[in-house]
Protein chains: 2
Amino acid sequence: MYGLKPAPFKTGSKLTRCKEPEMYMPTHRRANGNTESVDNYLKAILYLGGREESRVTIKALAERLSVAPASVTNMLQKLAASPAPLVAYERHHGVVLSQAGKRRALEVVRHHRLIETFLYEVLDYPIEEVHEEAERLEHFISERFEERIAAKLGHPKIDPHGHSIPTIEGEMAARESMLLADVVREGTFVIDSVSDRDAQNLRLIEACGITPGARVRVRKSSARGCDGYSVRVGRSARVFDLSREVARDVRIIRLAK
Amino acid sequence: MYGLKPAPFKTGSKLTRCKEPEMYMPTHRRANGNTESVDNYLKAILYLGGREESRVTIKALAERLSVAPASVTNMLQKLAASPAPLVAYERHHGVVLSQAGKRRALEVVRHHRLIETFLYEVLDYPIEEVHEEAERLEHFISERFEERIAAKLGHPKIDPHGHSIPTIEGEMAARESMLLADVVREGTFVIDSVSDRDAQNLRLIEACGITPGARVRVRKSSARGCDGYSVRVGRSARVFDLSREVARDVRIIRLAK
DNA sequence: GAGAGATATTAGGTTAGCCTACTAATCACT
DNA sequence: AGTGATTAGTAGGCTAACCTAATATCTCTC
């Protein structure tokens, strides 16, 4: 014999016969009953609803998820129609998360950020690569995995980008911060967080030494027509000029001084 | 703002328009182009084909994958019909892996076993839980993840169950071993590997101190009608009696001595 | 070598999730 | 309040993976 593991493992999908009527569960359903896709809708609603958890439009969701508006409508109808709905959806009036939906969304965000932290701290990933990997894995790790990496990391409260990691109970600390791109009056700031949206930008940002917690001196600089932001990190002599585009990926907090 | 990551990430699926004809890629396609399901078929064929890579029947596959035979036929036809087929399939005469198919299957096995090792060594999972977690994650980790955990673990050659981990090049060391359940002549053996098929059994086996590399003295014991195997591990005084069922989950190598 | 029993294939149907094209509702502004 | 632009919803289609039921093929024994 070869030594490959000798048996499959009921992966939670499979037939699941319900009495007579031939029923079976489709393939990509996950432990908690959600699919990857559903999780992504929930995350998107959480994000777009913002801190006030306001109603989210179909259009916004479609854009964020890179999906046709009709697909969004479809999905929301299904989610809202379920016996234990994850969203409250009203025709022509957008959608908000239900309690359950918010719980799940925050759980996925927690997974994502714990994984990012883990990849960065334990597996020495370059910062700009953690997001993509986490984006996939967040849907597939077990509670045990979550618990173990959290323990290994000493139950961190923020991820390597500076974002708050929701607690197991589903609480996420909110912080007041502003975009570097919104600076008008020069001053001294602390880096709050950096965006993981664009790996390219992120590498650049990182290369400047701009990491969460760093102290920076910022001034608007309108060199060469296009305006940017000149940033001096810490006490270093070097000053970096960031484009508006890149400056949008950095969140900062003004030091009262 | 909340601080959730500000943008989605093209996850490799999505529209992918091809000129005029409206084409799009379905959802659960993965980086390398395979789906989880395809990977599982490949793994199953690799396992069932054994060391000689002999033809595998539809029935055997159906059983191993807990799927109807018709579904297997369907899938194999698709896999065989692709431009770069992963299997060679002949109507009514079973299936074998192609070069490419074998490569991929071994890659997935490598992922699986590296993940198991990682969970066991780094995250202190109990041995009987690593399989289930690995079974899910093996499909979703990147090459980088694989490389990083392999490095972290010092490029291990066997996993915690004692199974060989294929190399990146797709080589897997074969070992001569026998089932504990096939012992007739008593003697001294080294534990080769334990099966991860049944978590329950595995916990029991582990509790006896039966782990890969351990030296054991085995004797057939027909106590109380049902026959089993009495095992003394190392120099310990305690002797454990294992049922035939459990003994089938342990592979051993007879010590020449 | 013919028929029975085992095994495999075909045909037709399901759900999830996505798509496009078209229609309906709402909003924003005069 | 009317109207045009924007946004949302409906209808109908597609693929991946499953399913069952019916049918075809193979193999093995007599």
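To find a chain, count down the sequence lines: A is the first, B the second, and so on, and within it residues start at 1.
- When rounded to the nearest whole Å, the span between NE2 of His93(A) and C1' of dC27(C) equals 11 Å.
- Taking every side-chain heavy atom of Tyr89(B) into account, dA8(C) is the closest of dG17(C), dA8(D), dA8(C).
- Annotation for Gln77(B): atom CD counts as buried by contact number, over 12 foreign heavy atoms lying within 6.0 Å.
- With salt bridges taken as basic N to acidic carboxylate O contacts below 4.0 Å, one links Arg55(B) and Glu90(B).
- With the nearest nucleotide of DNA chain C identified for both Ala68(A) and Arg91(B), Arg91(B) has the one nearer the 5' end.
- Counting to the nearest Å, the P atom of dA11(C) and the CD atom of Gln77(B) are 10 Å from each other.
- Checking dA21(C), dC18(C), dA8(D) against every side-chain atom of Ala70(A), the shortest atom distance belongs to dA21(C).
- dA16(D) atom C1' lies 14 Å from atom CG of Asp39(B), rounded to whole Å.
- Following rounding to the nearest Å, Asn74(A) (CG) and dA8(D) (C1') show an atom-to-atom distance of 12 Å.
- Side-chain atoms of Val67(B) lie closest to dC18(D) of the nucleotides dC26(D), dA17(D), dC18(D).
- When rounded to the nearest whole Å, the span between NZ of Lys78(B) and C1' of dT10(C) equals 15 Å.
- Here the side chains of Leu86(A) and Val38(A) are in contact, with some heavy-atom distance below 4.5 Å.
- Within the structure, a side-chain polar atom (N or O) of Thr35(A) is placed less than 4.0 Å from OP1 or OP2 of dG17(C).
- Residue Ile58(A) contributes atom CD1, which lies 14 Å from atom C1' of dT10(D) at whole-angstrom precision.
- The side chain of Thr73(B) sits closest to dT10(C) out of dC18(C), dT10(C), dA17(D).
- Side chain of Arg203(B) to main chain of Glu128(B): no donor-acceptor pair is present (N/O by atom type, distance under 3.5 Å, no hydrogens or angles).
- Checking side-chain atoms of Tyr125(B) against main-chain N and O of Phe145(A) turns up a donor-acceptor pair under 3.5 Å.
- At dA16(C), none of the side-chain N or O atoms of Tyr41(A) fall inside 4.0 Å of OP1 or OP2 (strictly under the cut-off).
- If you measure from atom CG of Leu61(A) to atom C1' of dT7(D), you get 13 Å, rounded to the nearest angstrom.
- For Thr57(A), no side-chain nitrogen or oxygen approaches OP1 or OP2 of dT7(D) to under 4.0 Å.
- To the nearest angstrom, C1' of dG5(C) lies 15 Å from NE2 of His92(B).
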